[in-house]
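To start, the structure itself, in structure tokens.
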Amino acid sequence: MPFDKFNDECGVFGIYAHPDASAHAALGLHALQHRGQEAAGIVSYDGQRFYVHRGLGHVADNFSNDATIKRLVGNTAIGHVRYATSGDTSLRNVQPIFADLAKGGFALCHNGNLTNAISLRQELVQGGAIFQSTSDTEVIIHLMAAAKKRNPVDDLITALQQVQGAYSLVALARDQLIGVRDPWGVRPLVLGQLDGSPVLASESCALDILGAELVRDVEPGEVVVISQSGVKSLFPFRTVPKRFCIFEYIYFARPDSQMEGTSVYLGRKGIGAELAREHPVEADVVVPVPDSGVASALGYAEAAGLPFEMGIIRNHYIGRTFIEPTAQIRDLGVKLKHNANRGVLAGKRVVLVDDSIVRGTTSTKIVSLVRNAGAREVHFRVASPPIVNSCFYGVDTPDRDKLLAANMDLAEMARYIGADSLAFVSLDGLYRALGEAGGRHPDQPQYCDACLSNDYPIPRTDYDQQYSLPVNSTLF
Ligand code: AMP
């Protein structure tokens with residue numbers, strides 16, 4: 001299969017003017033590990049030189065060694081965790097990417113997905129650019145090189161004015177740490193502070209691990225420039241309505257993070273409560289699919305007045321099921337990951353709650369696990385509306401033909417996963433749970449929910465034109 005899609009579903013981190021910059025970057029990335037388990041990297045700067053360490057695998061695989069951290073000299077550092085479930089997984093795509101630009105070294109980390117990167121790349125290559133990776137992020141570097149403005153911040157802004165898509169960026173340009181959120185604010189980015197040193201991170205849980213304080217979310221369309229003269233804020237882009245990714249609340253973010261002023265955990269509990277109101281069922285016990293269904297199952301149980309039990313136990317020594325690249329391994333992954341807790345399931349009418357159904361692999365396995373443990377009835381409740389579209393903005397949703405809800409109606413899905421009943425929270429219910437009392441505003445939705453609604457706020461240029469990188473761009 002040609003490498004047809006960039007897959008960037010990542011975590012970014014940066015810290016400025018702190019004596020333990022690289023050690024803190026490693027800790028911050030560790031807290032963001034759920035956002036990307038394929039590779040990790042850190043670039044530091046000591047006022048003269050840049051230092052880099054990047055590797056495939058988890059943060060702990062690459063950064064638990066004291067000697068590695070010591071080699072990352074300097075009091076400013078940025079880091080990245082990468083999540084790519086298909087396509088080119090070679091070391092050359094691991095971030096931060098680094099370039100020696102006319103104004104000096106520049107390191108860049110990206111969470112998100114650019115939707116016109118392939119067309120821009122083709123133009124750049126025709127103009128003589130030589131790409132080192134197949135990552136969409138590298139397009140930004142080439143556009144910066146061509147911009148030739150006065151300084152890296154202006155070059156970066158000029159480059160970003162040409163790209164479409166979703167991006168939260170953390171960059172290091174000698175004496176500046178830069179954070180950027182795309183004009184729609186699709187992906188998250190927060191600003192924090194540790195002992196007076198500014199910190200940037202995808203999620204606030206990466207601040208908590210350091211004991212840093214959350215200052216605020218970086219605003220959509222904001223460029224934060226951190227230097228010796230302090231934290232400066234620019235808004236160089238055309239203003240568009242904010243469309244933060246609703247899937248961050250549903251699944252992607254860690255429950256102990258605060259996003260856009262909302263606790264992810266409480267948001268998920270609220271979705272579960274809404275689900276209980278919309279789709280009640282006579283049952284004895286509410287059981288989450290751990291870990292992603294725990295908060296919404298608690299919300300469901302509380303609202304329904306039913307007992308909550310850990311009827312499925314998860315083995316934590318295996319990564320997220322989705323990370324496994326082939327269907328065969330994914331199937332095996334689910335078996336390795338979950339076991340039924342027979343004592344709380346046998347003879348019971350069980351409400352099973354999970355955050356989402358994508359391909360239907362997890363739900364099918366879990367329903368059969370619960371039945372085999374003696375449950376009398378299994379009612380599956382999903383704390384998101386049906387996922388019916390691919391994401392082009394940085395969440396790795398498979399193509400439509402692999403999405404269960406895009407290919408079956410409710411009754412067919414219930415039969416497929418083997419449940420006695422199946423129900424999803426409504427789109428309005430989801431919005432209500434996240435604090436929008438009137439539900440989803442039809443003309444101006446408050447979130448990006450394209451995977452649920454088919455309403456794509458940002459042009460999908462390359463995908464609509466079916467542009468793809470040639471197979472021979474991929475280095476194996
Ligand atoms: P599936 O087995 O394909 O239906 O996937 C559903 C499970 O994968 C759910 O339990 C979610 O917790 C998890 N999940 C949903 N979306 C994603 C995603 N984009 N990346 C990784 N895992 C996901």
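Heads up: numbering here begins at 1 and tracks the sequence. Keep in mind it's a predicted model, so treat the numbers as computed, not measured. Remember, it's 1-based here, ligands and their atoms both numbered in the order they're listed. All values below were derived from every heavy atom in this structure, side-chain atoms included, with hydrogens, water molecules and symmetry-related copies excluded.
- Remark: side-chain polar atoms of Arg349 are not paired, donor with acceptor, to backbone N or O of Val378 under 3.5 angstrom.
- The pair Arg254-Glu203 does not count as a salt bridge, with every side-chain nitrogen at least 4.0 angstrom from each carboxylate oxygen.
- Remark: ligand 1 atoms within the under-4.0 Å shell around heavy atoms of Ser292 are 10 (O), 12 (O).
- Residue Val395 touches ligand 1 through its side chain alone, judged by heavy-atom distances below 4.0 Å.
- The pair Lys348-Glu309 fails the salt-bridge criterion, with no side-chain N (NZ, NE, NH1 or NH2) lying under 4.0 Å from an Asp/Glu carboxylate O.
- Taking 4.0 Å as the cut-off, Phe252 does not count as a neighbour of ligand 1 on heavy-atom distance.
- Looking at heavy atoms from C-beta onward, Asn111 lies out of side-chain contact with Tyr167 at the 4.5 angstrom threshold.
- With ligand atoms numbered from 1 in the order given, ligand 1 contributes 1 (P), 3 (O), 4 (O) to contacts under 4.0 Å with heavy atoms of Arg359.
- Numbered from 1 in the order shown, with element, the atoms of ligand 1 that lie under 4.0 Å from a heavy atom of Asp396 read 19 (N).
- Under 4.0 angstrom from ligand 1, the non-hydrogen atoms of Asp355 all belong to its side chain.
- Note that Arg460 lies in the cation-pi zone of Tyr456, set by a 6.0 Å cut-off to the ring centre and a 45° limit from the axis.
- Contact between Ser356 and ligand 1 is present, with at least one heavy atom of the residue lying under 4.0 Å from the ligand.
- The Gly360 neighbourhood of ligand 1 comprises atoms 1 (P), 3 (O), 4 (O), with distances under 4.0 Å to a heavy atom of that residue.
- Note that Arg243 lies outside the cation-pi zone of Tyr447, set by a 6.0 Å cut-off to the ring centre and a 45° limit from the axis.
- Residue Thr362 approaches ligand 1 through these ligand atoms, each under 4.0 Å from one of its heavy atoms: 1 (P), 2 (O), 5 (O), 6 (C), 7 (C).
- Within the 4.0 Å heavy-atom cutoff, Ile357 counts among the residues contacting ligand 1.
- The closest approach between a heavy atom of Asp354 and any atom of ligand 1 is below 4.0 Å.
- Heavy atoms from other residues, nucleotides or ligands lying under 6.0 Å from CZ of Arg216 number more than 12.
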